[in-house]
Amino acid sequence: MTMQNEHTGQALSSFIAQSWHRCGKMMQRETWSTPHQAQGLTFQSISRRKTALLTIGQAALEDAWEYMDGRECVLLILDESACVLSRCGHPDILAQLDTLGFQAGSYCAESIIGTCALSLASMVGQPIRTRGDQHFKQALFPWAFCSTPVFDNHGRLFGSIALCCYAEQSGVADLSLTLAMAREVGNSLLTDSLLAESNRHLNQMYGLLESMDDGVMAWNEQGTLQFLNPQAATLLHLDAQACQGKNISDLVTLPALLRRAIKHARPLSHAEVTFESQHQFVDAVITLKPIVEAQGTSFILLLHPVEQMRQLMTSQLGKVSHTFAQMAADDAETRRLIHFGRQAARGSFPVLMRGEEGVGKELIAQAIHNESTRAAGPFIAVNCQLYADNALGVDFMGSAATEEENGRLSRLELASGGTLFLEKIEYLAPELQSVLLQVIKQGVVTRLDARRLIPVDVKVIATTTTDLGNLVEQNRFSRQLYYALHSFEISIPPLRERRNSIPSLVHSRLRTLERRFSSRLKVDDDALAHLVAYSWPGNDFELNSIVENIAISSEHGHIRLSNLPGWLFSEHPGMPGNTAMMPASMSFSAMEKEAIIHAARVTCGRVQEMSHLLDIGRTTLWRKMKQFDIDVSQFRRRHQE
């Protein structure tokens, strides 16, 4: 310890010696000039810049002076340029310093007053004491000065704290006293800076939370509400100011799923629940984040607006591109369909489309959707064959949240704000027909195992391949639902009854293939005439498939009569196909079997195309074919013959 003190003393002696060397080149020891003094607006500007140092430093100096019991000394605060900012201490010493010119605003730089701790401490960045003849100027021989620099939280020199007294009254503890005061001031400056930074970040966080679309709530381990942003207050019908400090359980009735998660400190992610607040039910999608700490677990809850979440989910699911403008209207029948389709797009009433498999009912439904005011909303397509019984009703109707699992959105809710396209409505289970009727008539749906009505706003477009009126008479389809759907009906004739549409459809398909293959395609007149003469049991779907196949197999994109498959010539020109609307007297199983046989005939037994035509998975198709003992290879043999 003694060696360390000797080393420090040697370093300080070196600083003083270096200061003497500098001073000897620019001033006389015997003369004394009053230091320059900043006054008026200049001093006010310096003081404002050092407000934090003055506020904390003056309090520290006054506390220290109070415990000095009237000792004949003066305490000073200086800035980094050794300008005196503030003084306090014994009146006699203050008066003596005035005669030297050491007043508020005086610059005590080395170039003005010579070697002195007041300037050296700032210059070398460490505590320094000068006493008696250590000063370069003889006028300072009677005095002793101790000074310690103060640094800000970035390590930059911010000022210094100094003690001045007569040399014979100085003590060895004076420098330690300035060091203690400087550290106290520095620590307080750091604390204030960190507190200000923390408050700045807190204000930014509050600003962010209050500007979020989501509602935000936070409560501590006792359940006391600590934060509630305006969105959460509005959603839950609460007064944000009045709720602060109250227990969250006293403000709202928490859903069972949330209570269970809080009890076990378990997070939740986008769970759909229902709150009861101010005697009202409130739907919300929530995310719960437990904050586990030593003193307990606090929670942050995000309340995502249900409608915005649905829009976000369906914005990617339900976009369709087909429009009436893409339909070639070169024939009267297509123009008629476009006319009725545009009429159907004008209102929210349901639409029923009748027609055989493959006539393009879904494309017209897409065009109706894109023509309507709901074009920005989702287009949700549902194959009702999947809901021929009530086993998948939870997928169609949705389910309420329980303590064990989240609730599920129904297909009907996913389509809210847009269009619900129901393909093959005749297969829909009776229980689900009632659910659909409730949506059409009242605009609400009730989820499974729930009692609350959920509002939905959808336009229903349904399709059928049979006569629903006959099914109604056989008590196999809801009469009320039939009347609701039958209010606007579009009948789409089979392609064999729209032969004038075939050239437009062929050319339109070729233009699409040209964009895909980046090459020109053309068809000879005799080949086109044969395509027009064929009966097309698979309708538009079969035509598009054949045109694509012969375009691929053609030479240099030139479709000749020889490129047409041989089985197109096995039918007499103009002979009507054997596929028509399926009779209503058939059972559902028989209708399924007939549909599969029809698809096999249209696609020549190609299972992938059959799956696409029937809109079911390949696994399901193989199971159905095994169930109905259908061998697709026989359809391939017919094609080869």
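- Closest of all the heavy-atom pairs between Leu75 and Ala64 is CD1-CB, 4.0 Å.
- Contact check for Glu293 versus Ser298: side-chain heavy atoms found under the 4.5 Å cut-off.
- Inter-residue side-chain proximity for Leu257 and Arg260 is flagged as unmet; no heavy-atom pair is nearer than 4.5 Å.
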Apply salt bridge (charged side-chain N to carboxylate O under 4.0 Å, His left out) to Asp174 and Arg71, showing your working.
-> CA-CA 12 Å; Asp174 288 349; Arg71 178 185 170 188; 2.8 Å; yes
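- Of the inter-residue distances, the one linking Leu163 atom CG with Met181 atom CE reads 6.0 Å to the nearest 0.5 angstrom.
- Residues Met217 and Ile248 form a side-chain contact, since some pair of their non-hydrogen atoms from C-beta on lies under 4.5 Å apart.
- Ion pair Arg156/Asp152 flagged as a salt bridge, since at least one NZ, NE, NH1 or NH2 atom sits closer than 4.0 Å to an Asp/Glu carboxylate oxygen.
- Using a 4.5 Å heavy-atom cutoff, the side chains of Lys424 and Thr464 are not in contact.
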Please step through side-chain contact (heavy atoms from CB on, under 4.5 Å) for the pair Ile425 and Thr463, ending with a clear verdict.
-> CA-CA 6 Å; Ile425 189 70; Thr463 73; over 6 Å; no
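- A donor-acceptor pair under 3.5 Å is absent between the side-chain atoms of Thr620 and the main chain of Ile616, judged by distance alone.
- The CD atom of Glu184 lies 10.5 Å from the CG atom of Leu189; values are rounded to the nearest 0.5 Å.
- Between Ile161 and Leu179, every side-chain heavy-atom pair lies at or beyond the 4.5 Å cut-off.
- Using a 4.5 Å heavy-atom cutoff, the side chains of Leu485 and Leu481 are in contact.
- Taking the ring axis of Phe349 as reference, the NZ or CZ atom of Lys459 stays within 45° of it and closer than 6.0 Å to the ring centre.
- Residues Val444 and Val439 have side chains not in contact (no heavy-atom distance under 4.5 Å, counting atoms from C-beta outward).
- A distance-only check finds a donor-acceptor pair linking the side chain of Asn370 to the backbone of Val320 [under 3.5 Å].
- Ring geometry, Phe421 versus Phe379: the interplanar angle falls under 30°, so the pair is classed parallel (tilted spans 30 to 60°).
- The number of heavy-atom neighbours closer than 6.0 Å to CD of Gln241, taken from other residues, nucleotides and ligands shown, is 12 or below.
- Taking CG from Leu471 and CZ from Arg479, the interatomic distance works out to 11.5 Å, rounded to the nearest 0.5 Å.
- Minimum interatomic distance between Phe43 and Ala38 (heavy atoms only, all atoms of both residues): CB-O, 3.4 Å.
- For the pairing with Ile364, the side-chain contact (heavy atoms from CB on, under 4.5 Å) check across Met353, His369, His322 returns one residue only, Met353.
- Judged purely by atom type and a 3.5 angstrom limit, Ser160 has no side-chain atom pairing as donor or acceptor with the backbone of Ser122.
- Between Pro127 and Thr148, the shortest heavy-atom distance links the atoms CB-OG1, 3.5 Å.
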side-chain contact (heavy atoms from CB on, under 4.5 Å) between Glu80 and Lys50, intermediate numbers included = CA-CA 10 Å; Glu80 64 274 18; Lys50 294 296 179 181; 2.7 Å; yes
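- Donor-acceptor pairing under 3.5 Å is lacking for the side chains of Thr323 and Glu371.
- When every heavy atom of Glu362 is checked against every heavy atom of Ala381, the shortest pair comes out as OE2-CB, 4.1 Å.
- Looking at Arg259, its side chain does come within 3.5 Å of a backbone N or O of Leu254 through a donor-acceptor pair.
- Sparse packing is recorded around NE2 of His279, with 12 or fewer heavy atoms of other residues, nucleotides or ligands lying under 6.0 Å away.
- Listed for the Ser147 side chain is no donor-acceptor partner under 3.5 Å among the backbone atoms of Ile128.
- At distances below 3.5 Å, at least one donor-acceptor pair connects side-chain atoms of Gln433 with backbone N or O atoms of Ser478.
- In plain terms, the two heavy atoms of Thr178 and Ala162 that are nearest each other are CG2-C, 4.1 Å.
- Rounded to the nearest 0.5 Å, atoms CG (Leu437) and OH (Tyr482) are 14.5 Å apart.
- For CG of Leu41, the number of neighbouring non-hydrogen atoms (other residues, nucleotides, ligands) closer than 6.0 Å is 12 at most.
- Annotation for Trp219 and Gly223: closest pair CD1-CA, 3.7 Å, computed over non-hydrogen atoms.
- In terms of modelled atom types and a separation under 3.5 Å, the side chain of Asn229 and the main chain of Asp214 share a donor-acceptor contact.
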Please assess Leu258 against Leu301 for the test side-chain contact (heavy atoms from CB on, under 4.5 Å), listing each intermediate value before the final yes or no.
-> CA-CA 10 Å; Leu258 180 57; Leu301 181 70; 4.2 Å; yes
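- Interatomic distance, CG of Asp457 versus CD of Glu413, reported as 13.0 Å (0.5 Å rounding).
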Begin from the C-alpha positions of Leu468 and Glu426 and carry the test side-chain contact (heavy atoms from CB on, under 4.5 Å) through to its verdict.
-> CA-CA 7 Å; Leu468 288 183; Glu426 64 268 19; 3.9 Å; yes
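- Side-chain contact between Cys73 and His90 is absent, with no heavy-atom pair separated by less than 4.5 Å.
- For the atom pair Leu363 CG and Gln326 CD, the distance stands at 9.0 Å (nearest 0.5 Å).
- With hydrogens and angles ignored, the 3.5 Å screen pairs a side-chain donor or acceptor of Ser277 with a backbone N or O of Leu236.
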